[in-house]
Amino acid sequence: MTSIQHWINGAGTPGVATRTGPVFNPATGRQQAEVVLADPADVDTAVAAAGKAFESWGDSSLTQRQRVMFTFRELLVRHEDELARLISAEHGKVIDDARGEIVRGREVVEYACGIAEALKGSFSDQVSSGVDVHSLRQPLGVCAGITPFNFPIMVPLWMHPVAIATGNTFVLKPSERDPSASNFVAELYAEAGLPDGVFNVVHGDKTAVDAVLDHPDVAAVSFVGSTPIARYVHERATATGKRVQALGGAKNHAVVLPDADLEFAADHLTAAAYGSAGQRCMAVSVGVAVGDAGDALVDVLARKANEITVGPGDAPGTDMGPVVTAEARGRVIDAVRSGAEQGADVVVDGRELTVPGHEEGFFVGPSLLDRVTPEMDAYQQEIFGPVLSVARAGTVDEAIELINNNPYGNGTAIFTGDGHAARRFGREVSVGMIGVNVPIPVPMSYYSFGGWKDSLIGDSPIHGPEGVRFYTRNKVITSRWPHTSRTSGAAFHFPTTS
């Protein structure tokens, strides 16, 4: 049995803990490895290594940091296929989807390659007689990331490249369900010339998470996961004085107006709902059909859902792989069952799907529910699986009201050819990221990612300018260099009044 170890201070190590957890191949349902689960002592070791490394890395030149990031970026390109297959084997997503995840994460590395521009301060000359003011941003110290299973490369890459490029050191606690990609990244960082201790990986469960949240030498914590855990992370970490980014769950809506091209809209809704088996925080889980769009849209969505090829992620021609665990499969089955019991029309039922030769795998087919209402469990819960619910709305106003009444506010989209309706929608929905004829509006790396309401706990979005702000603190210096032959000119009033 392969044992997946921590990466601390530039080397793999089992640490001192004796506990392990299983790592499954979701396509076969069989355990393929075990991962060591950290004790608090292992977290202490990683944080101490990061703290020691910060003494020199925090004072390193911008040129050195950028050179590491440029080399790291090239290594991600060179090893893209290996990484994609590693992700697919532990997560279950198809190879092309894993490659797409790597590319989107790599965009943040590319942003970090230009970190010198983002760190430029400001200077004001002669604010008073002989007095100048300038500002600069400095790193915090040891930062930590706690990341989910659904994007084992991309979500951590939203965090550590910006943290490291701004002069911090980093401890990553990835999901124990698909941990290998993080160790691979650590090896690429070492090959890129990153000094030992600047990037560390500690595997574990809640024990490791709590040790990170409570550690007095961790200055900031970034988290992506469910809303209840985001609240827990935010409350526990801020109680010890840490900065916290805490991104939570979602229930993303895509509104389709009667004037929309239904084939175009349905193509994108199908990909957005069932891609990665629906295991995305930005997946479209609710389609809102407005007015006359309803029946026709559901017919097209049903046809496209039935055309999806489900199978192992590394099999040619596969559109959708398995979900990550047997428990996740059961959650999807329960959601479709409860939808049917509560009055939704089950247009496409994926509960009984089996993949020949992979009967023990965690497979479930695409499901399409119609006439779903806000009172139903299938609407209220973040299913995190391949289930698309269609709700009906009479007007754009009703669609906007439906979205705004939802407790989540991560992403939303509208499909229409009406610019006025799209502009109104963008201004009036209470959601952080909005797409117009774009189903999954994840912004580019030079913008920041973050929702509203229960999708973001606190006020710190991730990567882009907000990421730079989060991983640094501003310092303002007021200076005077008087000529030695002059009198001091000291007075009891404010200096800028002179």
Side-chain angles (χ1 to χ4, degrees), residues 23-27 29 84 86-102 104-105 146-158 174-182 223-230 247-252 254 269-286 305 308-314 318-336 350-351 353 355 358 361-368 378 381-389 408 410-411 439-440 442 449 451 455:
V23 178
F24 290 94
N25 182 328
L86 196 61
I87 294 166
S88 179
E90 292 184 351
H91 176 281
K93 65 177 64 178
V94 299
I95 297 291
D96 283 347
D97 191 24
R99 285 197 180 99
E101 170 186 348
I102 296 166
R104 290 310 305 265
I146 302 167
T147 57
F149 78 89
N150 58 327
F151 288 104
I153 284 286
M154 185 183 74
V155 171
L157 283 173
W158 285 357
S175 171
E176 64 274 25
R177 296 176 187 170
D178 43 12
S180 295
S182 296
F223 172 83
V224 175
S226 69
T227 293
I229 305 303
L247 281 69
K251 196 70 177 178
N252 304 312
L269 262 66
T270 299
Y274 304 125
S276 198
Q279 298 172 121
R280 298 169 172 163
C281 66
M282 288 293 285
V284 171
S285 55
V286 181
I308 293 172
T309 300
V310 181
D314 60 354
T318 298
D319 299 313
M320 190 182 93
V323 292
V324 70
T325 61
E327 292 77 13
R329 182 178 183 274
R331 187 170 60 248
V332 172
I333 291 171
D334 287 345
V336 178
R351 287 176 289 179
L353 178 136
V355 175
H358 293 78
F362 308 139
F363 288 98
V364 61
S367 291
L368 177 64
Q381 297 173 358
E382 186 184 20
I383 300 169
F384 227 63
V387 180
L388 176 59
S389 300
Y408 296 108
N410 214 36
I440 302 181
V442 176
F449 178 102
S455 295

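Note that this is a predicted model, so its numbers are computed, not measured. Only heavy atoms go into these numbers, but all of them, side chains included; no hydrogens, no water, no symmetry mates.
- Residues forming a ring pair (Phe, Tyr, Trp, His ring centres under 6.0 Å) with Phe449 (at least two apart in sequence, or on another chain): Trp158.
- The nearest pair of heavy atoms linking Ala283 to Asn252 is O-ND2, 2.9 Å.
- You'll find the side chain of Leu388 reaches within 4.5 Å of the side chain of Leu368, heavy atoms only.
- A 4.5 Å side-chain heavy-atom check between Pro322 and Arg329 finds every atom pair outside the cut-off.
- Across Val310 and Val364, no two heavy atoms sit closer than the pair CG1-O, 4.5 Å.
- Listed by chain and residue number, Lys93 satisfy the salt bridge (Lys or Arg N to Asp or Glu O under 4.0 Å) test with Glu101 (two or more places apart in sequence, or in another chain).
- Within the structure, no pair that satisfies the salt bridge (Lys or Arg N to Asp or Glu O under 4.0 Å) test touches residues 146-158, not counting sequence neighbours.
- Checking side-chain atoms of Ser285 against main-chain N and O of Lys251 turns up no donor-acceptor pair under 3.5 Å.
- Between Ser367 and Tyr274, every side-chain heavy-atom pair lies at or beyond the 4.5 Å cut-off.
- Val323 approaches Ala277 most closely through the heavy-atom pair CG1-CB, 4.0 Å.
- Closest heavy-atom contact between Ala254 and Val284: CB-CG1, 3.7 Å.
- Under the salt bridge (Lys or Arg N to Asp or Glu O under 4.0 Å) criterion, Arg331 pairs with no residue, sequence neighbours left out.
- Remark: Pro179 pairs with Ile4, Val23, Val35, Glu90, His203 by the side chain to side chain contact (heavy atoms under 4.5 Å, CB included) rule, at least two apart or across chains.
- Scanning both residues, Val324 and Gln279, for their nearest heavy atoms gives N-OE1, 3.0 Å.
- Listed by chain and number, the residues in a side chain to side chain contact (heavy atoms under 4.5 Å, CB included) with Ser175 are Phe149, Arg177, Asp178 (sequence neighbours excluded).
- When the side-chain hydrogen bond (donor to acceptor under 3.5 Å, both in side chains) test is applied to Thr227, no partner is found at least two apart in sequence or on another chain.
- Minimum heavy-atom separation, Pro386 to Val332: CD-CG2, 4.0 Å.
- Checked against salt bridge (Lys or Arg N to Asp or Glu O under 4.0 Å), Asp334 has the following partners two or more places apart in sequence or in another chain: Arg337.
- Here Thr309 pairs with Asp319 under the side chain to side chain contact (heavy atoms under 4.5 Å, CB included) rule; sequence neighbours left out.
- With values rounded to the nearest 0.5 angstrom, Glu382 atom CD is found 8.0 Å from Ser455 atom OG.
- Separating the CD1 atom in Ile229 from the CZ atom in Phe223 is a distance of 6.0 Å, to the nearest 0.5 Å.
- Take Asp97 and apply the salt bridge (Lys or Arg N to Asp or Glu O under 4.0 Å) test, not counting sequence neighbours, and it matches Arg280.
- Among residues two or more places apart in sequence or in another chain, the side chain to side chain contact (heavy atoms under 4.5 Å, CB included) test is passed with Ala84 by Ile95, Ala98, Arg99, Ile102.
- Remark: Glu176 pairs with Lys173 by the side-chain hydrogen bond (donor to acceptor under 3.5 Å, both in side chains) rule, at least two apart or across chains.
- Leu353 CG to Ile333 CD1: the interatomic distance, rounded to the nearest 0.5 Å, is 10.0 Å.
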